[in-house]
2 protein chains.
Amino acid sequence: LEPGRKVITGRGSADDKGQLMTFVEACRAWKQVHGNLPCRITILFEGEEESGSPSLKPFLEANADELKADFALVCDTSMWDRDTPSICVGLRGLVGEEIIVKAADRDLHSGLYGGAAANPIRILAKVLADIHDKDGHITIPGFYDGVEETPSQILKSWETLGETAETFLGPVGLSIPSGEKGRSLLELTWARPTAEFNGITGGYTGKGFKTVIAAQASAKVSFRLVHKQDPKKIRAAFQQFVRERIPADCSVEFHPHGGSPAIQLSYDSPFLAKAKTALSDEWPKPAVTIGGGGSIPVVGDFQTYLGMESLLVGFGLDDDRIHSPNEKYELSSFHKGQRSWARILEALTS
Amino acid sequence: LEPGRKVITGRGSADDKGQLMTFVEACRAWKQVHGNLPCRITILFEGEEESGSPSLKPFLEANADELKADFALVCDTSMWDRDTPSICVGLRGLVGEEIIVKAADRDLHSGLYGGAAANPIRILAKVLADIHDKDGHITIPGFYDGVEETPSQILKSWETLGETAETFLGPVGLSIPSGEKGRSLLELTWARPTAEFNGITGGYTGKGFKTVIAAQASAKVSFRLVHKQDPKKIRAAFQQFVRERIPADCSVEFHPHGGSPAIQLSYDSPFLAKAKTALSDEWPKPAVTIGGGGSIPVVGDFQTYLGMESLLVGFGLDDDRIHSPNEKYELSSFHKGQRSWARILEALTS
């Protein structure tokens with residue numbers, strides 16, 4: 001760290017104890033100055049996110065009436081950079097599926113059977129290769145159902161952030177965006193759905209060579225979803241797409257691995273506009289509206305069980321090393337974050 | 001085994017001690033009857049085949065003048081079935097290559113980078129899928145250079161053997177030939193070249209799921225060659241084919257694993273005709289001319305170092321379990337094989 005950056009170091013300092021305490025301290029400060037809070041606030045601490053929140057859903061269902069509010073403030077996101085606060089309005093959903101292609105009932109010698117027996121790696125490669133066309137679009141029928149174009153003013157505001165292939169891909173040793181042609185990197189990762197291959201295995205994978213035709217080959221495939229894409233329909237369409245490509249004397253097995261819809265919050269909510277102004281007043285640069293490639297499941301649960309939208313504001317930084325040793329949270333995030341929340345509370349309640 | 005089939009059981013009983021002794025005993029019997037052999041015969045025992053025959057090539061080179069003969073009799077093949085002796089005239093060659101596709105310089109989170117960063121499994125799947133067209137032809141430019149059509153009378157003779165998808169693929173649980181469309185199974189495995197994928201790996205391959213975009217993915221690919229296909233040219237053409245499909249910001253590494261040309265013996269040699277007649281006289285059914293999907297390297301070495309063609313006759317059976325526990329060689333193969341060799345020696349020298 002350069003001189004002058006003071007940090008709190010420790011497991012969970014940024015994700016998510018520091019973020020939560022930023023909001024709690026803002027409330028305490030407000031009370032000290034005004035005597036009481038500007039409106040009724042229920043604070044919900046949830047400690048099971050990383051293990052799938054098994055207790056949260058039943059708790060929300062059982063206590064829906066008491067928990068329901070105008071909206072939720074979720075304290076778990078990042079700033080665009082050290083000078084630019086942000087509000088996250090979209091989080092992608094996910095469908096994961098493992099497919100196992102099975103051909104002969106045993107491994108075969110490629111000298112004796114090569115050119116005659118179905119090769120499951122060849123079948124699998126063809127299935128995977130067919131999923132994207134040459135422009136990076138996903139070819140599974142119905143895949144884009146429910147996907148909307150990002151409003152042009154949002155795309156323009158993302159352009160001003162100056163993210164380029166060099167800034168985004170350069171740090172990992174790449175330079176050419178691989179997704180749908182003609183879309184910016186921020187749109188690709190924040191507002192467009194994807195199909196990615198997370199793992200593949202089949203046949204002999206050790207050192208040297210074995211001239212074997214394996215009995216089976218498998219791949220783990222995941223889809224990031226946006227807007228109103230339906231995880232169940234995507235899974236069914238993908239399975240159908242695969243089945244159509246399996247020769248009649250071979251078979252395929254599917255092993256589902258989770259599915260959740262995307263979160264898309266309203267771009268034109270008055271809460272959003274007020275919070276943006278409040279944040280912009282505190283930091284050197286105006287607040288921006290961003291998306292997120294991953295998921296924050298509680299936001300979906302608030303929608304599903306409480307019918308409640310969320311406002312996602314956070315003060316994490318890209319270099320906070322969350323989930324890693326020496327995780328840190330900057331004192332500037334903590335202090336200016338408290339003032340930010342106080343400004344937001346004022347803007348939303350005045 | 002059904003009653004009446006007597007066998008010699010033991011490691012190497014069929015492959016290849018039994019086969020060799022069948023010929024040695026034929027020579028011994030000939031000498032007992034006639035007093036001496038019908039022509040000069042040099043017997044070469046080679047015990048290193050399974051470990052790549054490191055000593056054989058230098059030995060052949062150093063002793064070429066002494067070893068050179070009209071032709072070689074190679075005792076290492078199988079009968080078509082228990083009633084039908086065979087002469088093998090073609091053995092496929094092999095080119096093996098491992099390819100490693102590299103994208104980002106580390107594994108990436110598919111939520112943060114999905115749809116933006118190159119995915120090496122996707123690149124690899126596309127490369128592999130492009131190798132065969134929809135009719136099973138191999139699309140690598142120049143791949144079929146040197147491949148000749150099998151003479152129609154040979155194809156007809158193979159038809160009479162009655163091999164079908166049911167008899168060939170049924171025992172391994174398949175039913176549909178996967179190679180080039182419009183060719184018989186025997187032609188596919190005896191006289192046509194192949195591209196097979198022997199192994200593939202990349203990304204997360206354990207239980208469950210990880211939403212990772214791996215830094216690399218790799219595949220082991222092998223080609224069976226026929227006729228005059230040049231292993232060096234095939235390897236170079238394949239590497240070029242792969243390179244053309246690697247995005248500019250990614251890379252590929254190649255690890256070669258052996259290469260040898262096919263063996264194609266003359267269909268119209270007078271030795272072949274005489275040996276076929278001699279064999280046909282000994283067994284219930286006439287001898288057939290077959291090919292082989294694998295390799296017998298010594299045949300190529302005889303061609304290369306001694307300019308000498310081989311006559312491949314053997315009495316192994318499909319159920320001999322060679323290289324496996326309880327390998328066996330049938331007494332009928334041993335006894336009728338000796339008489340067969342005596343007939344062949346007589347036919348070739350009279």
Side-chain angles (χ1 to χ4, degrees), chain A residues 92 94 96 98 103-106 108-119 121-122 125-126 128-129 132 168-169 172-179 185 188-189 192 194 196-205 208-213 217 220 222 224 247-249 257-258 293-295, chain B residues 92 94 96 98 103-106 108-119 121-122 125-126 128-129 132 168-169 172-179 185 188-189 192 194 196-205 208-213 217 220 222 224 247-249 257-258 293-295:
Chain A
R92 294 197 286 191
L94 185 70
E98 183 170 7
D105 59 14
R106 69 203 76 165
L108 305 173
H109 189 297
S110 79
L112 303 180
Y113 287 91
N119 183 324
I121 300 176
R122 177 172 154 202
K126 177 80 175 115
L128 299 186
H132 297 88
F168 190 85
L169 295 175
V172 298
L174 295 171
S175 60
I176 305 170
S178 82
L185 278 163
L188 287 173
T189 51
R192 298 301 297 176
T194 66
E196 292 292 349
F197 312 139
N198 307 111
I200 192 167
T201 186
Y204 181 69
T205 59
F209 221 84
K210 282 191 187 173
T211 49
V212 70
I213 298 177
K220 296 179 204 284
S222 66
R224 296 278 168 178
D249 61 345
H257 286 281
S295 306
Chain B
R92 295 196 286 191
L94 186 70
E98 184 171 5
D105 59 14
R106 72 204 73 166
L108 304 174
H109 189 296
S110 79
L112 302 180
Y113 287 91
N119 184 324
I121 299 175
R122 178 173 153 200
K126 177 82 176 115
L128 299 186
H132 297 87
F168 190 85
L169 296 175
V172 299
L174 294 172
S175 60
I176 306 170
S178 82
L185 277 163
L188 287 174
T189 52
R192 298 300 298 177
T194 66
E196 292 292 350
F197 311 139
N198 308 110
I200 191 166
T201 185
Y204 180 69
T205 59
F209 221 84
K210 283 191 187 174
T211 50
V212 70
I213 298 176
K220 297 180 202 285
S222 65
R224 296 278 168 180
D249 61 345
H257 286 282
S295 305

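Just so we're on the same page: letters track the sequence lines, and every chain starts at 1. Computed over heavy atoms, backbone and side chain alike; hydrogens, waters and symmetry mates excluded.
Considering all non-hydrogen atoms of both residues, A:L185 and B:A116 come closest at CD2-CB, 3.5 Å. Considering all non-hydrogen atoms of both residues, B:R106 and A:V172 come closest at NH2-CA, 3.8 Å. Across B:F209 and A:N198, no two heavy atoms sit closer than the pair CE2-OD1, 3.3 Å. When all heavy atoms are compared, the tightest approach of A:A117 to B:S178 is O-OG, 3.0 Å. Looking at every heavy atom in both residues, B:D249 comes nearest to A:I176 through OD2-N, 2.8 Å.
When the candidates B:L108, B:L169, B:V212 are compared by the number of heavy-atom contacts under 4.5 Å with chain A, B:V212 comes out ahead. With respect to chain A, the highest number of heavy-atom pairs below 4.5 Å among B:P177, B:G203, B:S175, B:A103 belongs to B:S175. Put simply, of A:G199, A:A248, A:P247, A:A129, the one with the most heavy-atom pairs under 4.5 Å next to chain B is A:G199. Of the listed residues (A:G173, A:G179, A:A104), the greatest number of heavy-atom pairs within a distance under 4.5 Å of chain B belongs to A:A104. When each of A:L112, A:L94, A:D105 is checked for heavy-atom pairs under 4.5 Å with chain B, A:D105 comes out on top.
The line from NZ of A:K210 to NE2 of B:H257 is 13.0 Å long, rounded to the nearest 0.5 Å. Annotation: the span from A:I200 atom CD1 to B:T205 atom OG1 amounts to 10.5 Å, rounded to 0.5 Å. In this structure, the separation between CG on A:L128 and CZ on B:R122 is 11.0 Å, given to the nearest 0.5 Å. To the nearest 0.5 Å, atom CZ of residue A:R92 and atom OG of residue B:S110 are 8.0 Å apart.
Partners of B:R192 by salt bridge (Lys or Arg N to Asp or Glu O under 4.0 Å), not counting sequence neighbours, listed by chain and number: B:E149, B:E180. Applying the ring pair (Phe, Tyr, Trp, His ring centres under 6.0 Å) test to B:Y204 and every residue at least two apart in sequence or in another chain returns nothing.
Checked by atom type and distance alone, the side chain of A:E196 pairs as donor or acceptor with a backbone atom of B:G115 at under 3.5 Å. Between the side chain of B:R224 and the main chain of A:G114, no donor-acceptor pair closer than 3.5 Å is present.
Proximity to chain B involves both the backbone and the side chain of A:L174, based on heavy atoms less than 4.5 angstrom apart. Contacts between A:A217 and chain B at a heavy-atom distance below 4.5 Å are absent for every atom of the residue. Contact of A:K220 with chain B is made through backbone and side chain together, with heavy-atom distances under 4.5 Å. If you measure heavy-atom distances from A:T194 to chain B, the contacts under 4.5 Å come from the side chain alone.
Here the side chains of B:Y113 and A:T189 are not in contact, with every heavy-atom distance at 4.5 Å or above.
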